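Below is one structure, written out as structure tokens, with a few remarks after it.
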Amino acid sequence: MPQLTLPDGSVRDITLPTTGRELAALLPAALAARAIGIKVGNEIRDLASSVTEDAPLRVILADDRDPDALYLLRHSAAHVLAEAVCALFPGTRLAYGPPTDEGFFYDLAPPRAISEDDFPAIEAKMREIIAADRPFTRCEYEPAAGLARTAGDKYKTDNAERALARGAPRLSFYVTGIPGEGWEDLCAGPHVPSTKWLSACKLLAVSGAYWHGDQRSDRLTRIYGTCFASEAGLQAYLRRIEEAKQRDHRKLGKELDLFHIEEDNPGQVFWHPRGWTIYLALMEYMRAKQRQYGYVEVHTPTVMARALWERSGHWDKYRDNMFITESEKRDFAIKPMNCPGHILIYKQGLKSYRDLPLRIAEFGSCVRNEASGALHGILRVRGFVQDDAHIFCREDQVESEVALFCRMLTEVYADFGFGAERIEVKLSTRPAQRIGSDESWDRAEAALANAVRAAGLSYAISPGDGAFYGPKLEFTLVDALGRGWQCGTIQLDTNLPSPERLDAHYIGEDGQRHPCVMLHRAILGSLERFIGILIEHFAGRFPLWLAPEQLRILPVSDDHLPYARQVRARCQDAGLRATVDERADKLGAKIREARLMRVNYFAVVGAQEAAAGTVSLQDSRGQRLGAMPVEALVQRLREEVTARRLPAPDPASAA
RNA sequence: GCUGCCUUAGCUCAGGGGUAGAGCACUUCCUUGGUAAGGAAGAGGUCUUGGGUUCAAAUCCCAAAGGCAGCACCA
């Protein structure tokens, strides 16, 4: 006998058959009025559908916190969008309109180009449809009859054929309004009961997309929008988008004078003094961490001969992404990865099992010929530096090495404020095309899974996503706005060290040669990208230990310049990055400038301070910290640097 | 790379077939000040680039480059 779980957690036995509406009627009236669908097992269905199977049941209420509710709302909103576009642009053909994580889109082929200027008209039409409170009605047809309804429309016919190929017994259409009269679209559903639920709805963007994602296929117009159960939910979402815009690392990078990218040299970063200060602090931090975890650091050539890339397999598989050059009729390539170089270092001298594991690290400067459309600020560039390392070990050392790596990684992430709750781990397992025995894949996958668990992290499995030569772990950070950024990775590789490839081996206890297992790993990923993420995560307000300008001393007038310089000298001697604002501006202007530049602390010095040997301290948010002797200031800041203290969470952050 | 949109002063942007505009920043001068912008004057532009239409193009058309969004890519 199936059971219905009520919103308060209580459970009721249900007699079959029943319908969604009957289930909703079992809820308190106030909740029943918000019912928009049901969940049968893992399947979301229309409120009007009937239930005949024994499965856990739940009524879906219009609620911004319920992903199933948002799914229903957004899927339905996509339909209303499509109807509005069809009404305003007769002749529009529809391809595909699914919900997404944050909203929905509809791919369609309008008779003329649609731009954001058309949004007000489309939204007005949508509001009209929504205000009309028209029911979504499901109509099912036998395959032949259903296909007849899509005849002449190649997109819908294709969708219908695909649905049948996936085993759908019948084709379903949804009518908004009265069947036979209302607007109709081929759709598997499910939908909300009526258009009235879709009032918190907004169009966001328009762009191009290809049919089936194929560049050679038809080009379609994709209109993006989102929908929430409540106006409050929609407004909160729009505020979050606005906040993300304010934190955009490209905007802050310019405003805070951290870096720039030359128009004539796309995809490579010119780091300015302030940005480079962050870069160096980050690199020195990682260098110390690596030393602590038993890594040795190396440096390999930027340009290497074609023969080496042929042996590593890159010339074959990765050439399109490599910058290639020549000298005296020989081909060379700028390195896109560091692994071959590290193997060459490993192979200098015969290695014993006693030498393993050997952890070789490099701040590896890589250049990849990324497609122009992929470039994005400093998050996706052509030239970047990886905190790369390769661990050479025996197979029986894999698990402990991965565990050690996970420990190091969680320690590093925590230092930037990403605790376990802000780390998502994905384990990519064996693909269909692979080398190696099933037993060795079993061992490798289990080793990675055990190591992640040992680090106190949970993980999701991504079946079949591993490389052909080994499984991998990918670590995604969730930032202050709840967005995910993939940074760390560790990948098991038995291919590159094999005798057929670069032949990295060791002499075992048995006196025989054995191929190494190699672990490719990175924690930050690329320094460029990681700094971009930090800029957005901290909204430009870096922790003191990373900040380009930790303290700015603001003399009240020129008379106090000598004292200000004296304070600066003391702070610099103590290793702090301190400056003096020497401009002939009034104090208010100096404070404004210091705050706009997110200088962590600024110290006002005037006659009182000079006489007392103190400063009046304030932080970048304008918090007054009072007068304190210069030595107390130095101590306070040094302590904060040493502890790598994080800034207080930004009140504007959503997540 | 593909599609669409965008490109005007160092920055943020307005304008628009017929002497190129604002705010901020910059330079100089005045002001020496106490917690988010003191005042005045000045300088600053091949309106991304190349073609075309026109008596006349920064403006309209075509192309290229770069940027933005999305797609594809990210072993």
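Each chain gets a letter, A, B and so on, in the order its sequence line appears, and its residues count up from 1. Quick caveat, the model's predicted, so the values are computed rather than measured.
- Using N1 to N3 plus N6-O4 or O6-N4 for Watson-Crick, or N1-O2 and O6-N3 for G-U wobble, each under 3.5 Å, rA57(B) pairs with nothing.
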Measure all distances between protein nitrogen or oxygen atoms and nitrogen or oxygen atoms of nucleotides 6-13 of chain B, and list the pairs falling under 3.5 Å.
{"residue": "rU12(B)", "atom": "OP1", "partner": "Lys254(A)", "partner atom": "NZ", "Å": "3.0"}

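- At the phosphate of rA69(B), OP1 or OP2 sits under 4.0 Å from a side-chain N or O atom of His376(A).
- Ranking rA36(B), rU35(B), rC73(B) by closeness to the Ala374(A) side chain, first place goes to rC73(B).
- Among the protein residues, Glu609(A) comes within range of the nucleic acid bases, having at least one heavy atom under 4.0 Å from a base atom.
- Residue Trp309(A) contributes atom CH2, which lies 15 Å from atom P of rA75(B) at whole-angstrom precision.
- Residue Tyr224(A) is in sugar-phosphate contact alone, with no base atom involved, counting any heavy-atom pair closer than 4.0 Å across all strands shown.
- In this structure, Lys586(A) atom NZ and rG34(B) atom P are separated by 6 Å, rounded to whole Å.
- Across all strands shown, rA25(B) forms no Watson-Crick or G-U wobble pair with both key distances under 3.5 Å.
- Annotation: cation-pi geometry not satisfied between Arg74(A) and Phe104(A) (NZ/CZ under 6.0 angstrom from ring centroid, within 45° of ring axis).
- Taking atom C1' on both nucleotides, rU7(B) is separated from rU46(B) by 15 Å, rounded to a whole Å.
- If you check rG45(B) for Watson-Crick or wobble pairing at under 3.5 angstrom, you find it has no partner at all.
- For Arg250(A), the listed nucleotide lying nearest its side chain is rC68(B); candidates were rC68(B), rA75(B), rA72(B).
- One distance of note links CD1 of Ile378(A) with CD1 of Ile261(A); it measures 7.5 Å at 0.5 Å rounding.
- For the C1' atoms, the distance from rG16(B) to rG33(B) is 44 Å, rounded to whole Å.
- Spacing between rC13(B) and rC6(B) at atom P, rounded to whole Å, works out to 15 Å.
- The pairing partner recorded for rC68(B) is rG4(B), the criterion being a Watson-Crick or G-U wobble arrangement whose two distances lie under 3.5 angstrom.
- At the heavy-atom level, Thr221(A) lies nowhere under 4.0 Å from the strands shown.
- The ring of His390(A) has its center no closer than 6.0 angstrom to the ring center of Tyr346(A).
- Using N1 to N3 plus N6-O4 or O6-N4 for Watson-Crick, or N1-O2 and O6-N3 for G-U wobble, each under 3.5 Å, rA36(B) pairs with nothing.
- Among the atoms of the strands shown, base atoms are found under 4.0 Å from some heavy atom of Ala371(A).
- Among the protein residues, Arg595(A) comes within range of the nucleic acid bases, having at least one heavy atom under 4.0 Å from a base atom.
- Residue Gly588(A) is in sugar-phosphate contact alone, with no base atom involved, counting any heavy-atom pair closer than 4.0 Å across all strands shown.
- Taking only side-chain atoms of Val604(A), from C-beta outward, the nucleotide of rG33(B), rU35(B), rA36(B) with the closest atom is rU35(B).
- Map Met337(A) and Val206(A) each onto its nearest nucleotide of RNA chain B; the residue landing nearer the 5' end is Val206(A).
- A salt bridge does not link Asp619(A) to Arg621(A): none of the charged side-chain nitrogens sits closer than 4.0 Å to a carboxylate oxygen.
- When the nearest nucleotides of RNA chain B are assigned to Ala467(A) and Leu375(A) by heavy-atom distance, the more 5′-ward of the two goes with Leu375(A).
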